[in-house]
Amino acid sequence: MANENGFSGKIDHVVVVMLENRSFDNLLGWLYDPQNPDPRFKEPPRGQAFEGLAGTPKFNPLPDGTRAYATRGTDHTMPYPDPNEAYNHVYAQQFNVQPTPGEGSVPNTTAEPSMQGFAIDYANAIQTHNAGHTPLPTQPQDIMQCFPPAQVPVSAGLARAYAVCDHWFASVPTETFPNRSFVHAGTSSGYVYNTGGSISHLDLGVLINDTPTVFNALEEASVSWRVYHGGPRLLCDALITQKKLWEYAFTAHFAGMDQFRADAASGQLPAYSFLEPNFFNSREYGPENDMHPDSNPAFLSAGM
């Protein structure tokens with residue numbers, strides 16, 4: 001029987017939190033490993049299978065032909081600089097193709113990727129960064145750092161207490177906007193880069209998806225919903241990239257994180273809540289907390 005929030009059974013509220021570009025191995029690859037000091041994370045509970053990093057050493061080749069092995073990371077701002085995350089670079093990382101194909105020339109293939117190009121492509125990212133900035137000591141093998149449970153206690157605790165999918169994949173092997181569009185609308189309208197889409201032939205330089213979203217479906221069904229954004233509303237990704245939500249831009253369907261905390265404490269959460277992190281360091285909204293690789297809370301911008 002449906003309840004007053006529109007869901008059936010015992011579910012009153014669904015809260016979705018979507019953070020940023022991190023791989024499964026980077027965050028949870030060492031979730032279960034006999035070498036973990038905490039006995040809770042030495043082996044999967046109830047004898048379940050878990051495909052992580054323990055066991056056979058995992059590696060990627062380096063530009064000089066040597067190997068970069070998966071190691072245990074301790075620096076939460078790594079990898080810095082940001083790895084290449086655009087569609088053509090992710091293709092190069094997956095299939096170990098060099099040079100990286102142009103943005104419009106990525107092959108359409110059903111071949112199984114070797115997943116052996118990450119360290120080599122990260123060498124490209126480091127070289128590009130250092131060419132325009134003060135050179136960093138970062139090395140290509142740093143991309144193989146993955147966090148043990150002690151370094152990500154909240155993520156590891158949630159994964160152990162509830163469920164984790166070790167064969168879950170991104171909707172599109174690329175950067176942020178297309179994947180977030182899939183979460184909201186089930187499609188990125190064919191766009192595989194952060195740019196794409198236009199309004200009256202005006203290119204805004206950002207992906208604009210013009211298909212109905214889950215929020216529109218909920219609205220039509222009279223089911224309550226709200227997007228809670230960690231940063232300023234006009235930088236809310238869901239609002240910017242989903243054209244069907246623009247009509248709700250200045251309504252109570254969008255609110256800050258203080259409102260989320262108040263709604264949760266008072267039992268007033270809508271049936272469906274979507275939480276966006278703060279994507280930019282800001283004196284007003286605080287440090288970036290989206291888990292993006294080059295996030296560094298020590299660097300605060302003066303604006304916003």
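Val192 is connected to Phe95 through a chain of hydrophobic side-chain contacts under 4.5 Å among Ile, Leu, Val, Met, Phe, Trp and Tyr, so both are in one cluster. Residues Ile143 and Leu136 are members of separate hydrophobic clusters, defined by side-chain heavy-atom contacts under 4.5 angstrom among Ile, Leu, Val, Met, Phe, Trp and Tyr. Linking ILVMFWY residues whenever their side-chain heavy atoms come closer than 4.5 Å, directly or via other members, leaves Tyr32 and Val154 in distinct clusters. Residues Val164 and Phe41 share a single hydrophobic cluster, defined by chaining ILVMFWY side chains whose heavy atoms lie under 4.5 Å apart. Hydrophobic clustering (ILVMFWY, side-chain heavy atoms < 4.5 Å, transitive): Tyr162 and Val15 are in distinct clusters.
With hydrogens and angles disregarded, no donor-acceptor distance shorter than 3.5 Å links the side chain of Tyr91 to the backbone of Asn108. Asn278 contributes a side-chain N or O that, together with a main-chain N or O of Gly286, makes up a donor-acceptor pair within less than 3.5 Å. No donor-acceptor pair closer than 3.5 Å links the side chain of Trp225 to the backbone N or O of Ser273. No donor-acceptor pair under 3.5 Å is formed between the side chain of His89 and the backbone N or O of Thr100. Between the Asn179 side chain and the Glu175 main chain, a donor and an acceptor come within less than 3.5 Å of each other. Asn281 places a side-chain N or O within donor-acceptor distance of the main-chain N or O of Glu288, the cut-off being under 3.5 Å. For Thr128 (side chain) and Asn124 (main-chain N/O), a donor-acceptor pair under 3.5 Å exists by modelled atom type. Asn60 contributes a side-chain N or O that, together with a main-chain N or O of Met115, makes up a donor-acceptor pair within less than 3.5 Å. Remark: the backbone N or O of Thr56 is paired with a side-chain donor or acceptor of Lys58 at under 3.5 angstrom. When atom types are taken as modelled, the side chain of Thr174 and the backbone of Tyr87 share a donor-acceptor pair closer than 3.5 angstrom.
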Next on the checklist: Could you go through Gln151 and Thr74, starting from their C-alpha distance and side-chain angles, then the distance that decides it, and tell me whether this counts as side chain to side chain donor-acceptor pair (under 3.5 Å)?
Outcome noted: CA-CA 6 Å; Gln151 296 297 322; Thr74 59; 5.7 Å; no
Item to check | Residue pair His129, Ile126: steps toward the side chain to side chain contact (heavy atoms under 4.5 Å, CB included) verdict | outcome: CA-CA 5 Å; His129 179 277; Ile126 295 171; 5.8 Å; no
Item to check | side chain to side chain contact (heavy atoms under 4.5 Å, CB included) assessment of Gln242 paired with Asp237 | outcome: CA-CA 8 Å; Gln242 304 303 309; Asp237 176 272; 5.9 Å; no
Checklist entry - Can Ile208 and Trp246 be said to form a side chain to side chain contact (heavy atoms under 4.5 Å, CB included), step by step? => result CA-CA 11 Å; Ile208 302 295; Trp246 291 357; 4.0 Å; yes
Checklist entry - Does the side chain to side chain contact (heavy atoms under 4.5 Å, CB included) test come out yes or no for Asn88 and Tyr193, once each step is laid out? => result CA-CA 9 Å; Asn88 56 326; Tyr193 293 96; 3.6 Å; yes
Checklist entry - Does the salt bridge (Lys or Arg N to Asp or Glu O under 4.0 Å) test come out yes or no for Arg226 and Asp263, once each step is laid out? => result CA-CA 11 Å; Arg226 180 172 283 170; Asp263 290 346; 2.7 Å; yes
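Asn209 and Thr211 form a side-chain donor-acceptor contact under 3.5 Å, judged by distance and modelled atom types alone.
Residues Met144 and Tyr69 share a closest heavy-atom pair of CB-O, 3.5 Å. The two residues Pro135 and Asn130 make their nearest non-hydrogen contact at CA-OD1, 3.4 Å. Across all their heavy atoms, Asn194 and Thr176 have their closest contact at OD1-N, 3.4 Å. Residues Pro140 and Leu62 approach most closely at CB-CD2, 3.8 Å, considering heavy atoms. Smallest separation of non-hydrogen atoms from Ala238 and Glu276: N-OE2, 2.6 Å. Between Val172 and Ser188, the shortest heavy-atom distance links the atoms CG2-OG, 4.5 Å.
Proximity of Leu19 to Arg22: side-chain heavy atoms (C-beta onward) are nowhere separated by under 4.5 Å. With contacts defined as side-chain heavy-atom distances shorter than 4.5 Å, the pair Leu239/Val227 does not qualify. Between Pro149 and Asp38, the closest side-chain pair of non-hydrogen atoms is not below 4.5 Å. At a threshold of 4.5 Å between non-hydrogen side-chain atoms, the residues Phe50 and Glu43 do not count as touching. Residues Met257 and Leu275 form a side-chain contact, since some pair of their non-hydrogen atoms from C-beta on lies under 4.5 Å apart. You'll find the side chain of Pro61 reaches within 4.5 Å of the side chain of Asn96, heavy atoms only. Side chains of Phe177 and Ile240 form no contact here, defined as non-hydrogen atoms less than 4.5 Å apart. The shortest side-chain heavy-atom distance between Asn216 and Leu245 falls under the 4.5 Å cut-off.
Heavy-atom neighbours of Gln127 CD from other residues, nucleotides or ligands within 6.0 Å: at or below the threshold of 12. Within a 6.0 Å radius of CD in Gln48, other residues, nucleotides and ligands contribute more than 12 heavy atoms.
Distance check, rounded to the nearest 0.5 Å: CD of Glu85 to CD of Gln93 gives 9.5 Å. For the atom pair Phe147 CZ and Met78 CE, the distance stands at 8.5 Å (nearest 0.5 Å). Rounding to the nearest 0.5 angstrom, the gap separating the CD atom in Gln141 from the OG1 atom in Thr66 is 7.0 Å. To the nearest 0.5 Å, atom CZ of residue Phe279 and atom NE2 of residue His292 are 9.5 Å apart. Taking CD from Gln259 and CZ from Phe254, the interatomic distance works out to 14.0 Å, rounded to the nearest 0.5 Å. The CG atom of Asp25 lies 4.0 Å from the CG atom of Leu53; values are rounded to the nearest 0.5 Å.
Of the options Tyr228, Phe274, Tyr248, Phe215, a ring-ring contact (aromatic ring centres under 6.0 Å, His included) to His253 is made by Tyr248 and by none of the others.
Of the charged side-chain nitrogens involved, at least one lies within less than 4.0 Å of a carboxylate oxygen, so that Arg180 and Glu20 count as a salt-bridged pair. With salt bridges taken as basic N to acidic carboxylate O contacts below 4.0 Å, one links Lys244 and Asp210.
For the pair Arg67 and Phe59, the cation sits on the ring face: its NZ or CZ lies under 6.0 Å from the ring centre, inside 45° of the axis.
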